[in-house]
Amino acid sequence: MGWSDGKGRAEHLDCELHDVPFYMNTLRIPNISKNTFYYSGLIRQGIMTRDEALKKEMEELQNIAKPTELDTFLNENHISPSEYEGYVKTSDKTRFEPKLQKRARAIYHKFRKF
């Protein structure tokens, strides 16, 4: 794609807001850490045991902090941290889905057995 890190190489370029989506999950879903989904994948692949993952998860849950990049984003967009948290917790992406898809999902969940 012709990307460069300014020194003529492009091995790994991360977005400035890299940790913000992971932080959004911690706001939206109680008792979830940045690496919960990652650990889940490692368990399914047999790389990590469930007990190892739970131990790491508990350690991370005690030290959850908002990413420093979030402050820059909020300042640039004139949004307060409380407004941001409210937006994240009340957002509804399903409003962009077709009505038929919503109905199909509702029917699926109505008859799904847990």
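- One finds no salt bridge joining Glu60 and Lys56 here, because no Lys/Arg side-chain nitrogen approaches an Asp/Glu carboxylate oxygen to under 4.0 Å.
- For Lys34 against Thr26, the heavy-atom pair with the smallest separation is N-CG2, 4.2 Å.
- Residue pairs that meet the ring pair (Phe, Tyr, Trp, His ring centres under 6.0 Å) test with at least one member in residues 22-64, sequence neighbours left out, are His18-Phe22.
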Q: Any chance you could lay out the side-chain contact (heavy atoms from CB on, under 4.5 Å) test for Ser91 and Arg28, step after step, and finish with the verdict?
A: CA-CA 9 Å; Ser91 68; Arg28 224 181 265 137; 4.2 Å; yes
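- Minimum interatomic distance between Ser40 and Arg44 (heavy atoms only, all atoms of both residues): OG-NH1, 2.6 Å.
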Q.
Lys66 vs Asp71, test: side-chain contact (heavy atoms from CB on, under 4.5 Å). Steps then yes/no.
A. CA-CA 9 Å; Lys66 68 178 181 175; Asp71 290 331; 3.0 Å; yes
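- Atom OG1 of residue Thr36 and atom CG of residue Leu54 lie 9.5 Å apart, to the nearest 0.5 angstrom.
- For the atom pair Asp19 CG and Glu69 CD, the distance stands at 5.0 Å (nearest 0.5 Å).
- The line from CD of Glu52 to CD1 of Ile47 is 11.0 Å long, rounded to the nearest 0.5 Å.
- Cluster annotation: Ile43 and Ile32 are assigned to distinct hydrophobic clusters (Ile/Leu/Val/Met/Phe/Trp/Tyr, side-chain heavy-atom contacts under 4.5 Å, transitive).
- Remark: Lys102 NZ is packed, more than 12 non-hydrogen atoms of other residues, nucleotides or ligands lying under 6.0 Å away.
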Q: Apply the test side-chain contact (heavy atoms from CB on, under 4.5 Å) to residues Tyr84 and Met24: give CA-CA distance (whole Å), side-chain angles for both, the deciding distance (0.1 Å), then the verdict.
A: CA-CA 10 Å; Tyr84 174 77; Met24 286 172 47; 2.9 Å; yes
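- Met58 belongs to a hydrophobic cluster whose other members, connected by ILVMFWY side-chain contacts under 4.5 Å either directly or through intermediates, are Leu61, Ile64.
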